[in-house]
A.B. asks: 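My questions all concern the structure below.
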Amino acid sequence: MTHRRAIRSALATTIVFAAFTAASADQLVVSKVNYMSARLMNVEVGQIVFRSSDGAVHREWLSDVDLILIEHGGTFDDFNQAERMAAAGEPDKAAVRYERAMRLADEAWADMTAARLLRVYDRSGQFEKTAAMFVRVAQGKRTGPALAARMFPHEAPTKKDAKFARAMETLDAALAAEPGEGIRVVVEALRFEWLRQVGDVRANRIARGFPAMPIPENVGTESLYRIVREALGVWMEKEASPTAMDALDASIRDCPAANLPDFLMLKGDVLSRSAQTREEMIRASWPYLRIAIHMADDPRAADALFAAAGLMQRLERPNWAASLTDECLAHPRISASTKARATAFRSDVIRASGTP
């Protein structure tokens, strides 16, 4: 597309949205906040832009929007009906209406409808269609990989049947088209996740390369890094190659704060397994202690304290091991399983050291 045609296309889209909403009183529900008498303005890079009744302009990720109702005569009847059906827990019925609305939509509106379709296909467990719409969202000019990274499917296949095979073919074809970094990493993440869920050995092969891919900042969501953590766990289960350690350190550096304790726990576990010397054991304790000190309120802090206590025991420092175990047991968010293991461990430490 030439520069002039691109300008005309963008201008046409803006005019269409302005015409749709010039005299409308739309309704949006975003993260359970209800915006009555709103005005939809545009869809830009995965975000819906609208003006609320108080005149404020909002930009919200489509993945966070619970309901969109557009009032403009009968133009959006199918879309609005689909939204109501989806909100009422009827994803199959909603999909039919979205599909009809999408056939009549222009590019921008079709991109937004694709994101809504992805949501209901996922809820209804239509994996073949979910895969196709996930790719459609990742490739969309008005949606893109940044939105796809916020809309990884919640449902996952449980068996390798014909529908699963076709879903994987869709994802494979998207990668074969040599997409940009953002699309490539989100599609590869979904491939790994679904293959792992059904026990396909291809997941192990993906795990040895996918976590080392460059991750553009705009797709580095909590959901994506959760999958990266799973892949690194598979990759490093039997080996901790320099490439794998580099990928783990890059994730620790770049991941959202919510994912950081999981990556630090993995690093501590990997270093602990291979630690032989005192220096290596001390080094292995650092990721655990980083969680315990700097993320003390995180539920994984109790596990980190317990893991550090185990290393202190290996270092023949029973007093330190007992002290860390006491902190673990006192943690307000300790899990029942960790509490049971820590209680037994402390008894063993006391018995071995001969101290009360």
A.B. asks: Between S124 and Q126, is any side-chain donor less than 3.5 angstrom from a side-chain acceptor?
C.D. replies: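 A pair is found: one side chain offers a donor N or O, the other an acceptor, under 3.5 Å apart.
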A.B. asks: For H58 versus A56, what's the shortest heavy-atom pair and its separation?
C.D. replies: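 In terms of heavy atoms, the two residues are closest at CD2-O, 3.3 Å.
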A.B. asks: Any non-hydrogen side-chain atom of M265 less than 4.5 Å from a side-chain atom of Y288?
C.D. replies: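 M265 vs Y288: side chains touch.
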A.B. asks: For residues 208-220, which side-chain N or O atoms pair as donor and acceptor with protein atoms under 3.5 Å away, sequence neighbours left out?
C.D. replies:
| unit_1 | atom_1 | unit_2 | atom_2 | d |
| --- | --- | --- | --- | --- |
| R208 | NH1 | N204 | O | 3.3 |

A.B. asks: State, to 0.1 Å, how close L266 and L248 come at their nearest heavy-atom pair, and which atoms those are.
C.D. replies: CD2-CD1, 4.0 Å
A.B. asks: Taking all heavy atoms of L224 and all of V185, pick out the closest pair and write down the distance.
C.D. replies: CD1-O, 4.2 Å
A.B. asks: Is there a path of hydrophobic side-chain contacts, each under 4.5 Å between heavy atoms of I/L/V/M/F/W/Y residues, joining V234 to F152?
C.D. replies: yes
A.B. asks: Does this structure show an ion pair linking K163 with E128, if we count only N-O contacts that are shorter than 4.0 Å?
C.D. replies: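 The answer is no: the pair does not qualify as a salt bridge.
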A.B. asks: Just checking, any donor-acceptor pair under 3.5 angstrom between side chains of T338 and D303?
C.D. replies: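 Per modelled atom types, T338 and D303 side chains form a pair under 3.5 Å.
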A.B. asks: Give every residue pair that meets the side-chain hydrogen bond (donor to acceptor under 3.5 Å, both in side chains) criterion with at least one member in residues 168-181, sequence neighbours excluded.
C.D. replies: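 Qualifying pairs, neighbours excluded: D172-R191.
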A.B. asks: Please evaluate residues R283 and E279 with respect to the criterion side chain to side chain contact (heavy atoms under 4.5 Å, CB included), reporting the C-alpha separation (whole Å), side-chain torsions for both, the decisive distance (0.1 Å), and the verdict.
C.D. replies: CA-CA 6 Å; R283 182 169 173 251; E279 290 76 12; over 6 Å; no
A.B. asks: Does some side-chain heavy atom of F263 sit less than 4.5 Å from a side-chain heavy atom of V228?
C.D. replies: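 A side-chain contact exists here, since the closest heavy-atom pair is under 4.5 Å.
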A.B. asks: Answer yes or no: is there a side-chain heavy-atom contact under 4.5 Å between V49 and V43?
C.D. replies: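 Of all side-chain heavy-atom pairs linking V43 with V49, none is under 4.5 Å.
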A.B. asks: Within 45 degrees of the ring normal and closer than 6.0 Å to the centroid, is that where the cationic atom of R317 sits relative to W320?
C.D. replies: yes
A.B. asks: With side chains defined as the heavy atoms from C-beta onward, is the minimum distance between I48 and L28 less than 4.5 Å?
C.D. replies: yes
A.B. asks: Which heavy atom in A87 sits nearest to a heavy atom in L67, and how many Å separate them?
C.D. replies: CB-CD1, 4.4 Å
A.B. asks: Do R51 and M41 have side chains that approach each other closer than 4.5 Å (heavy atoms only, starting at C-beta)?
C.D. replies: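 When only atoms from C-beta onward are counted, M41 and R51 do touch, with a gap below 4.5 Å.
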A.B. asks: Is there a side-chain contact between F50 and D26 in this structure, where contact means two heavy atoms from C-beta onward sitting under 4.5 Å apart?
C.D. replies: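 When only atoms from C-beta onward are counted, D26 and F50 do not touch, as no gap falls below 4.5 Å.
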A.B. asks: So which heavy atom on L305 is nearest to which on A292, and how close?
C.D. replies: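 In terms of heavy atoms, the two residues are closest at CD2-CB, 3.6 Å.
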A.B. asks: A side-chain contact here means heavy atoms from C-beta on lying under 4.5 Å apart; do M151 and D122 qualify?
C.D. replies: no
